[in-house]
Structure formats: structure tokens, C-alpha cells
Number of protein chains: 2
Amino acid sequence: MQKDSTQERIKQVALILFARKGFEGTSLSDIASGVGIKKPSLYAHYKSKEDLFLGVIHKVSVDYNEFVIRTVEERSDQNPEDQLYHLLHKNTNYLRNDEMGLIFKRMMLFPPESLRADIYDMFEKTENVMREVIKSILIKMVPDDEWEQVFDAYLCLLDGVFEQVFYYSPEEHQKRLENSWTVFIQGVHRKEEM
Amino acid sequence: MQKDSTQERIKQVALILFARKGFEGTSLSDIASGVGIKKPSLYAHYKSKEDLFLGVIHKVSVDYNEFVIRTVEERSDQNPEDQLYHLLHKNTNYLRNDEMGLIFKRMMLFPPESLRADIYDMFEKTENVMREVIKSILIKMVPDDEWEQVFDAYLCLLDGVFEQVFYYSPEEHQKRLENSWTVFIQGVHRKEEM
DNA sequence: GTCTATACCGAGATAGAC
DNA sequence: GTCTATCTCGGTATAGAC
């Protein structure tokens with residue numbers, strides 16, 4: 001598994017272009033010229049555009065799952081609230097800065113019609129990874145029969161914050177993230193008092 | 001302004017197709033055959049595909065703004081909490097059932113590259129409509145210097161709930177909406193107690 | 001305004017030499 | 001594995017008759 005094989009470089013270039021311009025919006029010519037080869041040479045490595053796309057998406061899916069697990073482990077010694085906050089922040093940065101995040105979300109929301117089933121299969125496990133990892137944090141801070149409610153609210157927070165990455169400047173976005181987090185965590189704490 | 005003019009029917013068909021398959025994924029042949037005319041006839045009404053697209057988007061933008069205002073007015077006699085909850089629900093249904101919602105969000109998140117600037121200009125006022133309308137509700141329930149924090153959290157809730165429309169079944173989605181709402185409104189109430 | 005016919009282009013994909 | 005040359009298809013768009 002060489003890291004600099006042409007195969008790998010094609011995937012890297014394709015990742016960026018698919019993320020920015022979508023599946024239909026990206027042409028094989030674009031990809032080939034980004035890699036520095038001619039279009040037909042791509043077919044020595046992938047048997048079709050869709051085949052290449054699935055290769056890219058698979059890589060992205062694996063990377064995101066690893067990212068989530070790694071990020072939570074980084075703060076496994078801290079209190080649950082800090083862990084949740086840390087994940088919220090890291091997740092936002094990942095989605096903002098990394099082409100991985102961009103393409104991940106684009107394909108979750110608006111997959112190319114012909115590949116919809118494949119993509120949903122591939123990403124199905126991501127929800128489960130999130131669930132297990134976040135559950136392990138939540139059961140330390142709320143009663144056993146309520147972690148799922150907070151889980152849903154937290155995932156909604158992640159999704160909302162993600163979406164806003166596209167609309168606002170980094171500063172404005174940061175402000176909104178903090179405000180949304182504050183209301184969320186107050187809601188969770190109120191639970192503890194009841 | 002006839003409602004059944006060919007112009008209008010073209011826009012209706014184009015709206016549905018653009019929403020489902022995106023700008024690049026939709027061809028003028030698709031649109032023409034949906035309308036029941038031949039492809040070149042489209043050019044009697046719109047001077048290009050991009051021109052048609054902008055026409056559709058404009059209609060969508062206006063409709064969404066009107067929807068938000070109308071929905072809040074429907075419950076203007078009720079207490080603020082019910083108003084917020086009502087808007088959350090209606091907004092979700094609008095985004096789920098109406099092609100308007102689908103295309104609105106698709107184009108906010110992933111506009112076709114060449115039209116990005118036009119689209120962002122067109123949608124800029126939506127945020128302001130939301131801000132004014134929701135502010136008028138919030139100032140009745142939280143201190144004057146805190147409505148903006150709750151506004152940010154509420155908009156994040158709307159965005160998160162919207163995004164999840166794509167992932168989950170209606171039942172699962174409804175459950176998550178209720179849970180997210182509960183944590184949100186508890187966070188807001190805790191503010192009142194402090 | 002709608003049609004047929006067509007121009008033009010760029011897309012994805014293949015053949016076959018090197 | 002990479003190239004040039006080429007194929008086929010479907011896209012956007014235009015010309016011009018009715």
C-alpha cells in the first residue's frame with residue numbers, strides 16, 4: 001500500500017474536486033489534469049467514474065469514523081461536559097477545514113441519484129459509531145433512561161452547527177456555536193436538577 | 001400574471017427536477033418533457049439554463065420568506081413558547097414535503113459554482129426575515145440582553161432538524177425533533193430562573 | 001410559440017501503439 | 001501505465017419553417 005501511488009494521488013485530487021463541485025459537476029478531465037496525466041490513463045486505475053467516486057467515498061467514511069473515535073479518546077480523562085464540548089469543536093473544525101468533511105456531508109445530504117443506495121450503506125455505520133461513542137460520555141452525566149434524549153439533542157446540535165459552517169464567517173459561526181452550546185448544556189443541567 | 005402560462009409551468013417542473021437532481025443533474029430535455037414541449041421551445045421563455053434556474057430560485061426565496069411570516073402570524077395570539085414550537089414544526093414539514101424546501105436548502109448549501117454569488121445575494125434577506133420575526137417572539141420570554149443567544153440556539157435547532165429530515169424516517173425524525181426541542185426549551189427556561 | 005433539424009461541444013469510455 | 005486517436009452519447013443552444 002504505497003501512499004504515493006498514482007491510484008492514491010488520483011483519489012486525493014478527486015476528493016477535492018468532488019467535494020467542491022459535486023459528482024456531476026466534476027469531470028474526469030478535471031481530475032486527470034489535476035493529477036498531471038491524461039484522461040484515458042485514469043482507466044488503468046478505475047474502471048469508471050462511479051467506481052472512482054465510490055473509492056473516494058469509502059476512504060472518507062473510514063476517515064470520519066476514525067476521527068470521531070480518536071477525538072473522544074483524546075479527552076477520555078476529562079469530565080463528560082468537557083468531552084462533549086471538545087468533540088463539538090473538533091467536529092466543526094474538521095468539517096470546515098477538511099475536504100473530507102465537505103464531501104462527507106454533501107454526499108449524505110445530496111448523493112448522486114445512481115449511487116444513493118451504495119452511499120447510504122457505506123455511511124450507515126457512522127451513526128452507530130457516533131451513538132456508541134457519545135453514549136459512553138452521556139451515561140456519566142444523566143440518568144440511564146435519559147441519555148438517549150440528550151443524545152438526540154446533541155446530534156441535532158452537531159448537525160445544526162455543521163450546516164451553519166457554510167453560511168457564516170468563522171467569527172460569526174464561532175459566536176453562534178458558543179450560544180447554541182450554552183443553551184444546550186443549560187438544558188442538560190436542568191435535567192440534573194429535576 | 002397568468003398562473004397557468006407556459007412560463008409558469010416550466011418553472012414548476014424545473015423546480016421539482018432541480019430540487020431532486022440538482023442543477024448539473026437536471027437536463028433541459030428532462031424539463032421539456034415534463035412540461036410536454038420540445039427542448040428548443042424552452043428558449044422562447046428563458047434565454048439559458050442559468051436564466052431559468054435563477055427564475056426558479058427567486059420564486060423559492062420569496063415563497064420561503066412569506067411562509068415564515070405567515071406561520072408566525074398564525075399563532076400570534078399564543079404564548080411565545082408555543083409560537084416557537086409551532087414554527088419549528090411547520091418549518092420541518094415545509095422542508096420535508098415541499099420541493100420548495102428541498103431546493104432552498106440544497107442551493108444554500110451547495111449552489112452551482114457559477115451562480116454562487118447570485119444565489120447568496122438572493123437569500124441574504126431570508127436570514128433577516130427570520131431574525132426579525134423570531135426576535136419579536138423571544139423578547140417576550142427572555143431578558144432584553146439575552147434574546148440573541150436564544151435566537152442563535154433556535155436557528156441552530158432549525159438547521160439541525162432540517163438536516164436530519166434527509167437521514168431518518170418520519171417517525172424517527174419526529175422523535176428526535178421532540179427530544180431536541182425538549183432540551184432546547186429546558187435550556188431557555190433555566191435562563192429565566194437564573 | 002412551437003416545431004424539426006442541426007451545430008457544437010464536452011462528457012465518459014475504448015482501442016491499440018509504445 | 002501512459003499515451004494519441006477515436007467513438008458514442010447527451011448536453012446546451014441556434015436557425016428557420018410553420
Side-chain angles (χ1 to χ4, degrees), chain A residues 1-58 103 106-107 110-119, chain B residues 1-57 103 106-107 110-116 118-119:
Chain A
M1 269 277 222
Q2 287 184 227
K3 274 294 161 198
D4 261 35
S5 64
T6 304
Q7 272 230 14
E8 209 51 42
R9 290 186 44 240
I10 293 171
K11 256 202 273 196
Q12 287 164 13
V13 171
L15 168 64
I16 293 172
L17 293 174
F18 283 140
R20 293 189 188 155
K21 313 204 289 178
F23 180 74
E24 294 92 348
T26 300
S27 75
L28 294 182
S29 316
D30 293 339
I31 296 170
S33 84
V35 175
I37 58 177
K38 300 296 178 185
K39 189 170 53 162
S41 306
L42 293 173
Y43 288 88
H45 304 278
Y46 297 93
K47 70 183 213 299
S48 70
K49 185 184 184 183
E50 307 202 341
D51 182 40
L52 167 56
F53 184 78
L54 288 176
V56 169
I57 290 296
H58 181 259
I103 195 172
R106 191 197 262 268
M107 293 313 142
F110 305 109
E113 245 186 346
S114 63
L115 298 175
R116 174 179 272 262
D118 293 286
I119 291 174
Chain B
M1 270 275 220
Q2 289 185 225
K3 275 294 161 198
D4 261 35
S5 65
T6 305
Q7 272 229 16
E8 209 50 43
R9 291 188 41 243
I10 292 172
K11 257 203 271 195
Q12 286 164 13
V13 171
L15 168 64
I16 293 172
L17 293 174
F18 283 140
R20 293 190 187 154
K21 314 203 290 178
F23 180 74
E24 294 92 347
T26 300
S27 74
L28 295 181
S29 316
D30 292 340
I31 296 170
S33 84
V35 175
I37 58 176
K38 299 297 177 185
K39 191 168 52 163
S41 306
L42 294 173
Y43 288 88
H45 305 277
Y46 297 93
K47 71 182 215 298
S48 69
K49 186 183 182 183
E50 307 203 340
D51 182 41
L52 168 55
F53 185 78
L54 288 175
V56 169
I57 291 296
I103 195 172
R106 191 198 263 268
M107 292 314 144
F110 304 109
E113 243 186 345
S114 63
L115 299 175
R116 173 179 273 263
D118 294 284
I119 291 175

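Chain letters run A, B, ... following the sequence lines, proteins first and then strands; every chain starts at 1. Note that this is a predicted model, so its numbers are computed, not measured.
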Please check if the side chain of B/Lys49 supplies one atom and the backbone of B/Thr26 the other of a donor-acceptor pair under 3.5 Å.
-> yes
Do side-chain atoms of B/Arg106 reach the backbone of B/Ala19 as a donor and acceptor pair under 3.5 angstrom?
-> yes
d([atom1], [X]; [atom2], [N]) in whole Å:
X	N	atom1	atom2	answer
A/Ile10	D/dT2	CD1	C1'	11 Å
B/Tyr43	D/dT14	OH	P	7 Å
B/Leu42	D/dG11	CG	P	13 Å

Residues at least two apart in sequence or cross-chain that pass salt bridge (charged side-chain N to carboxylate O under 4.0 Å, His left out) with A/Lys21, listed by chain then number, are A/Asp30
For B/Arg20, check salt bridge (charged side-chain N to carboxylate O under 4.0 Å, His left out) against everything at least two apart and list the hits.
-> B/Glu99
ring-ring contact (aromatic ring centres under 6.0 Å, His included): pairs with one or both residues in residues 22-49 of chain A, sequence neighbours excluded = A/Phe18-A/Phe23, A/Phe23-A/Phe53
Tabulated below should be each protein N or O lying under 3.5 Å from an N or O of nucleotides 3-7 of chain D; please produce it.
{"residue": "D/dC3", "atom": "OP2", "partner": "A/Lys38", "partner atom": "N", "Å": "2.7"}
{"residue": "D/dC3", "atom": "OP2", "partner": "A/Ser41", "partner atom": "OG", "Å": "2.7"}

Heavy-atom closest contact (B/Ile103 atom, B/Leu15 atom, distance) = CG2-CD1, 3.5 Å
For the student: nearest non-hydrogen atoms of A/Glu50 and A/Ser114, plus distance = OE2-OG, 3.1 Å
So CD1 of B/Ile119 and CG of B/Leu54: to nearest 0.5 Å the spacing works out to 6.5 Å
Distance, nearest 0.5 Å, that separates CD of A/Gln7 from CG of A/Leu42 = 11.0 Å
Would a 4.5 Å heavy-atom cut-off, applied to side chains only, mark B/Ile31 and B/Leu52 as touching?
-> yes
Determine whether A/Pro112 and A/Met107 make a side-chain contact, defined as any pair of heavy atoms from C-beta on separated by less than 4.5 Å.
-> yes
Using a cut-off of strictly less than 4.0 Å, decide whether A/Ser29 has a side-chain nitrogen or oxygen near OP1 or OP2 of C/dA11.
-> yes
Does D/dT2 have OP1 or OP2 sitting under 4.0 Å from an N or O in the side chain of A/Thr6?
-> yes
Please list, for nucleotides 16-18 of chain C, all pairs of protein and nucleotide N/O atoms separated by less than 3.5 Å.
none

What nucleotide, of C/dA13, D/dA13, D/dG1, holds the atom closest to the side chain of B/Leu28?
-> D/dA13
For DNA chain D, which residues in residues 45-55 of chain A have a heavy atom at a distance below 4.0 Å?
-> A/His45
